[in-house]
Amino acid sequence: MSASPVPTGAILRSKLRRDLRTRRRQVIAVAATVFIGVGLFVIAWDMYNNLQSSYDLTYDRTNFADVWITGDDDLASKVAALAGVDQIETRTSGNVPMRLGDGSIQGRIQGIPIDTQPDINQLVIDHGTYLNQSDPTSVLIESHTAANFELSVGDTIELNRDGEWFEASIVGIVTSPEWLWIAPSSQELLTDPNEFGIVFAAEDLAASLASPGSHQIVVQTTNNDPDLAASMVDAAYRDGATEAFDRAHHPSDQALQNDVKGFKQMAILFPLLFLSVAALATSVLLGRLIHLQRGEIGMLRAFGFDEGQILRHFVSYGLVTTLMGAIPAIILGSYGAGVATKAYTSFLSIPFSSQSLSPTTWLIALIFSLVLGAVAGYLPARAAASIEPAAAMRPIGPETEGRRTFLERLLPSSAPTWAIVAVRNIRRQPRRAASTMIGVVLALIMMVSAFVMNDSINSVFDRQYAIVDQRDLVVTSDQAPIPGDVLDTLMALDGVAGVEPYEETPILLRVGQDVAPQQLQAFVPGTQAHDFVPGLWDSASKAGPGPNIAGIVVGLAARDSLNLEIGDTVQVEFPALATANEVRVIGFIDEPIRGFSYLNIDDWETVTGIQPSRVVLTLDSADDHRIIRNQVADLSGVLAVQDQIAVARQASTLLAATKFFVAMMLAFAMFMAVALIFNAMTVSIAERESEVATLQANGVDRGWIRKTITLENLVIVLAGVIPGLLLGRVLGGLFLNQFSTPQFKFEAGIDPWSVIASAALVGVAAVLAQFPGLRSLDKLDLAAKVRERNV
Amino acid sequence: MTTQNDPITAPAQTLEASQTIVSLRGVSRVYGEGETEVRALDKIDLDLGTGEFIVLLGPSGSGKTTLLNVIGGIDSATSGTVSIDQQDLAGLKPRQLTEFRRNHVAFIFQFYNLVPTLTALENVELIAGLTGGGKTESIEALAAVGLGEHLDRFPSALSGGQQQRVAIARALAKNSPLFLCDEPTGALDQESGTQVLDLLQQLNRDQKRTLIIVTHDESIASRASRVIRMLDGRIVSDTHQ
């Protein structure tokens with residue numbers, strides 16, 4: 001007996017290595033699916049963490065406030081006395097007419113100390129310098145505003161004080177933590193960036209410009225405690241604040257967090273889908289591999305290998321294949337997350353970008369990959385280990401008895417033999433056919449579910465801005481009501497289809513202690529500028545569709561939060577107009593972009609006591625909007641022109657991270673689908689090597705063999721298309737249900753072109769995947785194959 | 001755990017010459033049920049001694065491979081008792097049965113059942129390692145079957161006869177007392193078949209291994225010390241020569 005027994009494990013590892021090399025194409029294809037799944041997770045999860053930490057870093061470095069309160073100095077004293085206040089500052093923050101570049105807008109002016117940064121909400125100087133005593137009338141321009149209005153250091157802007165315009169020079173371009181996303185209020189998260197801007201001026205100057213009631217208190221709590229901040233908001237309202245909100249309700253942070261939260265949900269759900277598909281693909285491949293090794297397994301069992309040894313051996317196939325995909329995915333995914341984060345933070349002008357490598361993500365990805373590999377390998381390995389040696393060593397014959405199949409009966413009697421054999425093979429080897437079909441179905445599930453997400457998210461904007469919101473331009477006049485000659489001039493412009501009186505303003509709907517912020521829009525009855533059809537209307541008073549009678553139409557989300565019913569009375573508060581009134585609820589509506597309530601324009605005057613100073617323009621063609629917008633802006637008496645196309649573009653930007661992820665997911669899904677199809681097809685072909693060798697040895701020509709195999713595979717692909725499309729659509733819908741933001745209402749759907757594209761890609765991939773497999777059959781060494789068959 | 005009192009897990013060398021190594025009493029093996037029932041073995045009684053060279057003869061479907069598999073513990077009897085060195089295989093748990101096969105039997109199959117992705121030496125080492133064998137024993141076994149020059153060849157680079165000789169070396173390196181050969185020359189040409197049979201006969205003669213060969217080739221019977229003929233799952237003759 002030898003002193004050094006042979007380690008069977010080492011030999012089995014050699015076998016494993018060579019087996020994988022023999023099936024390298026399929027192994028690479030499976031590893032590619034794992035690579036995509038793990039890579040997607042690492043990119044998405046690291047990017048989510050990077051985004052969150054970039055915001056946190058920015059807020060930390062700039063001392064972002066925890067609470068904003070509008071109120072007088074007495075209120076500031078009361079707030080300062082509250083427990084948990086770490087720092088407190090007062091400042092002016094109000095709207096002021098301003099001329100920026102070519103634009104004339106209602107912008108926001110915020111007061112800051114001169115010579116020194118504020119303690120809270122500090123500014124990052126991108127260009128130029130901070131304010132200084134030498135020029136107390138100079139200003140700083142917020143970076144998005146500077147970009148939108150093409151302003152630079154040294155330019156001048158005009159500010160309006162009591163109807164008089166005066167010039168102020170720009171000494172710096174700055175980024176503010178309060179204006180990472182440009183939203184005038186939490187009701188106006190979506191605005192035309194050319195109709196709003198932010199200017200920072202010395203506190204004395206700001207106070208002299210802003211309207212009364214623009215006194216704001218900003219607070220930092222001890223340890224930035226969100227619970228403490230929420231309780232301060234409540235206390236501030238009790239003490240007479242006209243407006244108060246915490247970070248969670250800050251317009252900019254709220255908008256950005258909606259995107260980040262949606263991104264987080266996707267960063268978990270979709271990699272999970274991809275990895276599940278990768279696990280299934282691995283499992284199917286191993287199942288086929290093990291099926292081919294039945295004889296070897298039987299021999300090993302006959303010679304005394306126990307079930308555990310066999311199980312471990314074949315589970316290791318799953319682990320190795322998975323790790324082959326997972327390790328490069330972790331490395332490249334981490335790198336990709338850094339690049340993507342940098343691009344995203346740069347796109348949104350986040351001043352401090354954090355791109356840290358996360359060992360935790362690597363560990364999660366690695367553990368998940370190992371579990372995936374073990375699970376994927378376990379079932380086929382379990383089947384291998386339980387194979388009875390005697391049964392395993394019997395030759396593998398057809399899995400079913402021979403008889404004419406249903407498909408075969410569909411063929412004409414004159415069908416060539418190769419066609420008959422092709423369809424008969426499907427039933428003769430149902431396991432092989434099922435494995436191939438699973439590959440097709442999985443490929444379609446990946447693509448269709450990704451398309452459902454992509455199309456559903458994009459359709460929010462299409463439905464809102466192409467169907468629901470028909471406004472093209474909103475014109476604000478310097479007089480209320482708008483003079484008749486201005487209306488006539490607007491109507492006479494080429495390309496203008498309709499002009500209607502209109503108003504809008506942020507409101508708070510209040511029922512007892514419950515408050516829902518909304519953006520109120522007022523239209524004429526039967527307006528052409530808004531489609532109100534989907535909704536619940538007060539049929540008794542013949543309301544709807546739309547606010548055609550006195551009363552307010554409320555969004556469904558606000559209805560739910562305030563527990564409203566049709567006929568209820570709700571308190572409508574107008575912070576910008578410093579007024580409030582009780583209004584009857586006449587309908588509910590659930591639109592793709594949420595947060596809007598509606599009045600009719602006559603009721604607007606009744607409720608607010610103010611005549612409308614705006615009109616809404618509908619155009620013959622959206623193509624002309626830029627020309628008409630400029631024409632309208634040049635008219636005398638026009639204070640501002642809001643371009644709805646710019647608003648739609650801004651709305652789309654609000655889901656930038658989510659859309660980026662979905663686009664990435666779609667690209668990965670397509671790549672993965674091709675890998676799955678390639679795998680399904682090449683395995684299906686590779687399994688026939690002995691059979692093909694025998695046919696060729698008996699003189700059957702290659703064309704006959706090629707046609708038979710191709711037809712068989714394409715019939716299976718066709719059979720998998722319908723279930724794949726259906727399952728993908730269902731799964732995409734389920735995932736979309738998990739992805740929710742308060743701002744948007746998603747409806748699961750898929751563009752018919754996406755369905756066609758998915759099916760076409762699978763079809764093309766299936767046809768192309770035939771070539772390498774069939775070419776390898778053409779190159780078969782018949783003598784070697786015949787000998788191998790006997791092994 | 002290997003103990004001297006456990007004949008199943010005990011090293012194979014403890015078996016003495018002239019002992020009854022295999023004893024079957026009333027062994028039946030039935031596949032399927034009802035109309036599809038096939039009685040592959042029908043109440044077989046049989047005793048086989050150590051060092052015997054037994055040929056199981058019979059036409060296809062006579063039950064000879066089933067009998068070999070039942071003796072080798074890779075198939076189980078539906079009824080009756082199968083005793084190997086006085087241990088009833090029916091009473092063994094799967095793990096014990098695996099250990100029994102590891103320590104007591106070596107198979108040689110018609111289609112060799114080599115692992116195609118392992119070299120000749122690795123194929124032998126893989127099995128030798130199960131019973132504590134090493135590289136030396138594996139090389140010696142391959143040399144003994146005349147393949148000392150082909151250690152690193154893969155099965156596809158070997159002829160059928162050479163592959164079967166690798167299979168014999170594999171069985172040899174395992175050092176089992178009982179060789180179970182299922183049509184070992186069935187896939188070989190006459191010359192290769194003769195070489196393989198010579199080799200097996202030599203093992204039986206020189207190393208006193210019990211050899212059971214299943215075949216339907218009458219010419220092989222002349223080499224055996226005992227010829228058992230089967231038909232329809234039954235032993236129809238049992239001749240010592």
Side-chain angles (χ1 to χ4, degrees), chain A residues 1-23 289 292-310 313 317 385-396 689-690 693 781 783-791, chain B residues 65-66 68-70 72-76 94-95 97-107 109-119 121-138 154-160 163 167 170-171 173-176 180 182 187:
Chain A
M1 189 65 62
S2 167
S4 55
V6 177
T8 53
I11 297 172
L12 286 176
R13 278 196 293 279
S14 295
K15 172 179 178 298
L16 164 67
R17 206 166 47 243
R18 289 172 196 154
D19 282 351
L20 294 179
R21 198 183 305 148
T22 304
R23 295 261 170 254
L289 190 69
L292 291 173
Q293 293 193 9
R294 281 170 57 86
E296 293 165 41
I297 295 164
M299 179 277 293
L300 294 173
R301 296 281 287 124
F303 273 98
F305 273 82
D306 62 35
E307 290 190 20
Q309 287 171 299
I310 304 282
H313 177 57
Y317 278 78
S386 59
I387 286 176
E388 284 300 322
M393 284 181 292
R394 289 187 200 112
I396 302 170
E689 287 182 351
S690 298
D781 178 345
K785 261 303 153 200
V786 171
R787 274 206 304 279
E788 212 174 87
R789 196 187 180 195
N790 288 338
V791 168
Chain B
T65 294
T66 305
L68 193 79
N69 288 346
V70 167
I74 61 173
D75 202 350
S76 54
R95 190 175 187 83
L97 204 55
T98 300
E99 281 194 48
F100 158 75
R101 291 199 298 267
R102 186 180 295 172
N103 290 316
H104 292 281
V105 295
F107 288 91
F109 305 102
Q110 180 178 1
F111 293 120
Y112 334 128
N113 287 76
L114 301 179
V115 178
T117 48
L118 295 182
T119 64
L121 179 59
E122 287 167 339
N123 262 289
V124 177
E125 281 184 304
L126 180 67
I127 300 304
L130 278 176
T131 48
K135 193 164 191 166
T136 311
E137 285 84 352
S138 302
F154 286 93
S156 59
L158 297 170
S159 69
Q163 288 184 53
R170 180 173 65 185
K174 192 164 169 281
N175 208 22
S176 300
L180 304 175
D182 189 2

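Every chain is numbered from 1 and lettered A, B, ... according to where its sequence line falls, protein lines coming before strand lines. FYI, side chains are in, hydrogens and waters are out, and symmetry mates aren't considered; it's all heavy atoms of this structure.
- In this view, B/Arg101 satisfies the salt bridge (charged side-chain N to carboxylate O under 4.0 Å, His left out) rule with no residue, not counting sequence neighbours.
- Across B/Phe109 and A/Phe303, no two heavy atoms sit closer than the pair CE1-CE1, 4.1 Å.
- Contact annotation for A/Arg301: both backbone and side-chain heavy atoms come within less than 4.5 Å of a heavy atom of chain B.
- Annotation: the span from B/Leu97 atom CG to A/Asp306 atom CG amounts to 12.0 Å, rounded to 0.5 Å.
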Pair A/Gln309, B/Leu130 - check side chain to side chain contact (heavy atoms under 4.5 Å, CB included), show working. CA-CA 11 Å; A/Gln309 287 171 299; B/Leu130 278 176; 4.0 Å; yes

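- In this structure, CD1 on A/Ile297 lies 11.5 Å from CG on B/Asn113, to the nearest 0.5 angstrom.
- Not a single ring-ring contact (aromatic ring centres under 6.0 Å, His included) links A/Phe305 to another residue, sequence neighbours left out.
- A salt bridge (Lys or Arg N to Asp or Glu O under 4.0 Å) with B/Glu122 holds for exactly one of A/Arg17, A/Lys15, A/Arg18, A/Arg13; it is A/Arg18.
- Interatomic distance, A/Leu300 CG to B/Ile127 CD1, rounded to the nearest 0.5 Å: 5.5 Å.
- To the nearest 0.5 Å, atom CD of residue A/Glu296 and atom CG of residue B/Leu126 are 10.0 Å apart.
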